[in-house]
S.K.: 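Starting off with a structure, shown below.
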2 protein chains.
Amino acid sequence: MTLQHADTSNDESKTRLRLWLRLLKLSSGIEGEIRRKLRDEHDSTLPRFDVMAALMRHPEGLKMSDLSGYLKVSNGNVTGIVDRLTEDGLAVRVAVPGDRRASLARMTPKGIQTFEDLAAHHEDWVNGLLDGLSNHECHTLIDLLEKAMLNKDNSDEHG
Amino acid sequence: MTLQHADTSNDESKTRLRLWLRLLKLSSGIEGEIRRKLRDEHDSTLPRFDVMAALMRHPEGLKMSDLSGYLKVSNGNVTGIVDRLTEDGLAVRVAVPGDRRASLARMTPKGIQTFEDLAAHHEDWVNGLLDGLSNHECHTLIDLLEKAMLNKDNSDEHG
DNA sequence: GCCTAAAGCTTCAAGCTTGAAATAAAGAGG
DNA sequence: CCTCTTTATTTCAAGCTTGAAGCTTTAGGC
């Protein structure tokens, strides 16, 4: 909880703050646009998309708790999202043979079809939103972003 | 609404998608940490912080509609946030002399004091979260992020 | 078998977010 | 003055998000 830095690092602190504001602005801009398109053009949402994307990587189904672990959201959160996906016939809960507490969330054929359509558009949207960058610049950016992330616990295989 | 790209640009499309996933991961990681600290250490939230930051730049007060314009959130949204800031004595609504429809949101002395404490911590948090990057890397990143943003309507003076 | 602890999931209150609908005041044109 | 449109704001329903509290089931110790 130390609030003061040496004078020599004050400029660097301001630079990092400025970097964070740029990062946030670009990221929320893209995210907002994706949310808007999902809503207006596909009557869906980003949380639904994220859950479906996770389920697509596990055709056999995922336990609710694993799902919330992968997406780094709360347990109660995925309950609601899977509830709504289920209402729309895009996912189902199936019982786990040996454990009556748990259930697996799994995509339905309709859900798979819906997601594949969404995913194709999603890639296109991202591509369009980032087309101001050359391929080389993209790679530079990726490297720097990954370096910035090294600080944190980075032990996930789901990105 | 064209979904197919030439084969030659397919790799670049995947690179941009990968870039977006990295961007999102870093950004939500930092944002999540800031939200958590605001909540756990200061009993506050990021939307409150954002509203206060905007009001701090306008000591005379801001119309609700201007506030929502600056923050790029809906009108109804700021109504609720300013309501809660007001309940906590951090902001007030003051009447606009010539227009009985409008009102200005303005920081209270208590709000100013609260925000200054928050802002100092905020800069420290960001600095700590991004300390894996050299000053030079930060500048490179800032430049690339700004270039990526050039696409979009960039006519704001409030960042 | 019984008791306790842990695991898996849901429910809940509070807050954030949106777009649409409602309310109210200002302004323009007659 | 009256009406119509525009502007400023609030209210609302629906959804997302969290942490905490609760429920059921499982597993371990006795």
Side-chain angles (χ1 to χ4, degrees), chain A residues 28-29 31-52 54 61-88 90-106, chain B residues 28-29 31-52 54 61-88 90-106:
Chain A
S28 357
E31 189 175 320
E33 193 62 12
I34 290 175
R35 284 182 195 272
R36 191 191 61 71
K37 286 177 194 257
L38 281 172
R39 177 167 23 80
D40 296 349
E41 300 174 13
H42 298 271
D43 196 31
S44 192
T45 68
L46 194 48
R48 274 165 146 90
F49 182 83
D50 290 341
V51 166
M52 287 193 281
L62 269 179
K63 283 202 309 183
M64 299 299 279
S65 48
D66 290 339
L67 197 42
S68 64
Y70 287 169
L71 300 177
K72 298 202 209 305
V73 299
S74 69
N75 245 336
N77 193 350
V78 294
T79 293
I81 300 172
V82 171
D83 281 352
R84 285 180 286 271
L85 286 176
T86 300
E87 281 169 19
D88 292 348
L90 305 179
V92 284
R93 281 183 177 82
V94 299
V96 176
D99 189 341
R100 281 194 296 177
R101 295 168 303 177
S103 62
L104 297 180
R106 183 183 295 173
Chain B
S28 3
E31 189 175 319
E33 193 62 13
I34 291 175
R35 284 183 195 272
R36 192 191 61 71
K37 285 178 195 252
L38 281 173
R39 175 167 25 81
D40 295 350
E41 298 174 13
H42 298 270
D43 197 29
S44 191
T45 68
L46 194 47
R48 273 167 147 89
F49 182 83
D50 290 341
V51 166
M52 288 193 280
L62 269 180
K63 283 202 310 184
M64 299 299 280
S65 46
D66 290 340
L67 197 42
S68 64
Y70 287 168
L71 300 177
K72 300 203 209 299
V73 299
S74 69
N75 246 335
N77 193 350
V78 293
T79 294
I81 299 171
V82 171
D83 281 353
R84 284 179 288 272
L85 287 176
T86 300
E87 281 169 18
D88 292 347
L90 305 179
V92 284
R93 281 182 177 83
V94 300
V96 175
D99 190 339
R100 282 194 295 176
R101 294 169 303 178
S103 61
L104 297 179
R106 184 184 293 171

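Please read these numbers as outputs of a predicted model, since none were measured by experiment. The sequence lines fix the lettering, A, B, ..., with proteins before strands; numbering per chain opens at 1.
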S.K.: Mapping A:D66 and B:T45 to their closest nucleotides on DNA chain C, which lands nearer the 5' end?
M.R.: A:D66

S.K.: Are there more than 12 heavy atoms of other residues, nucleotides or ligands under 6.0 Å from atom CG of B:D40?
M.R.: yes

S.K.: What is the separation between atom CG on A:D99 and atom C1' on D:dA27, rounded to the nearest whole Å?
M.R.: 11 Å

S.K.: Tell me what B:I81 touches on the nucleic acid: a base, only sugar-phosphate, or nothing, going by heavy atoms under 4.0 Å.
M.R.: sugar-phosphate

S.K.: Within the structure, does a side-chain N or O atom of B:R100 lie under 4.0 Å from either OP1 or OP2 of D:dT9?
M.R.: no

S.K.: If I compare all heavy atoms of A:M64 with all of A:T79, which pair ends up nearest, and what's the gap?
M.R.: CE-CA, 3.7 Å

S.K.: If every non-hydrogen atom of B:A105 is compared with every non-hydrogen atom of B:L67, which pair is closest and at what distance?
M.R.: CB-CD2, 4.2 Å

S.K.: What do the steps show when you test B:D83 against B:R93 for salt bridge (Lys or Arg N to Asp or Glu O under 4.0 Å), and what is the final call?
M.R.: CA-CA 9 Å; B:D83 281 353; B:R93 281 182 177 83; 2.9 Å; yes

S.K.: Report which part of the nucleic acid B:V73 touches: base, sugar-phosphate, or nothing (heavy-atom distance under 4.0 Å, all strands).
M.R.: sugar-phosphate

S.K.: Over how many whole Å does the gap from A:L38 atom CG to C:dT18 atom P extend?
M.R.: 15 Å

S.K.: Report the nucleotide, chosen from D:dC16, C:dC9, D:dT9, that has the shortest atom-to-atom distance to any side-chain atom of A:T79.
M.R.: C:dC9

S.K.: Using whole Å, what does the distance between atom C1' of nucleotide C:dG19 and atom CZ of A:R39 come to?
M.R.: 7 Å

S.K.: With respect to the phosphate group of C:dA7, does any side-chain polar atom (N or O) of A:S65 fall under 4.0 Å of OP1 or OP2?
M.R.: no

S.K.: Rounded to the Å, how far apart are A:R93 CZ and D:dT24 C1'?
M.R.: 15 Å

S.K.: Roughly how many Å is it from CG in B:N75 to C1' in D:dC12, rounded to a whole number?
M.R.: 14 Å

S.K.: Heavy-atom nearest nucleotide on DNA chain D for A:R101 versus A:S74: which residue maps closer to 5'?
M.R.: A:S74

S.K.: Do the side-chain N or O atoms of B:K63 get closer than 4.0 angstrom to the phosphate oxygens (OP1, OP2) of D:dT9?
M.R.: no

S.K.: Charged N to carboxylate O below 4.0 Å: is that the case for B:R36 and B:E33?
M.R.: yes

S.K.: Looking at B:N77, does any N or O in its side chain come under 4.0 Å of the phosphate oxygens OP1/OP2 on C:dT18?
M.R.: yes

S.K.: Please give, in whole Å, the distance from D:dC16 P to A:R84 CZ?
M.R.: 4 Å

S.K.: For the pair made of CD in A:E41 and C1' in C:dG19, what is the distance, rounded to whole Å?
M.R.: 16 Å

S.K.: Checking all strands, does B:R36 fall into the base, sugar-phosphate, or nothing category for heavy-atom contacts under 4.0 angstrom?
M.R.: nothing

S.K.: Want to settle it: does A:A102 or A:G76 sit nearer the 5' end of DNA chain C, counting the closest nucleotide to each?
M.R.: A:A102

S.K.: Within this structure, what is the CG-to-P distance between B:D40 and C:dG15, rounded to whole angstrom?
M.R.: 16 Å

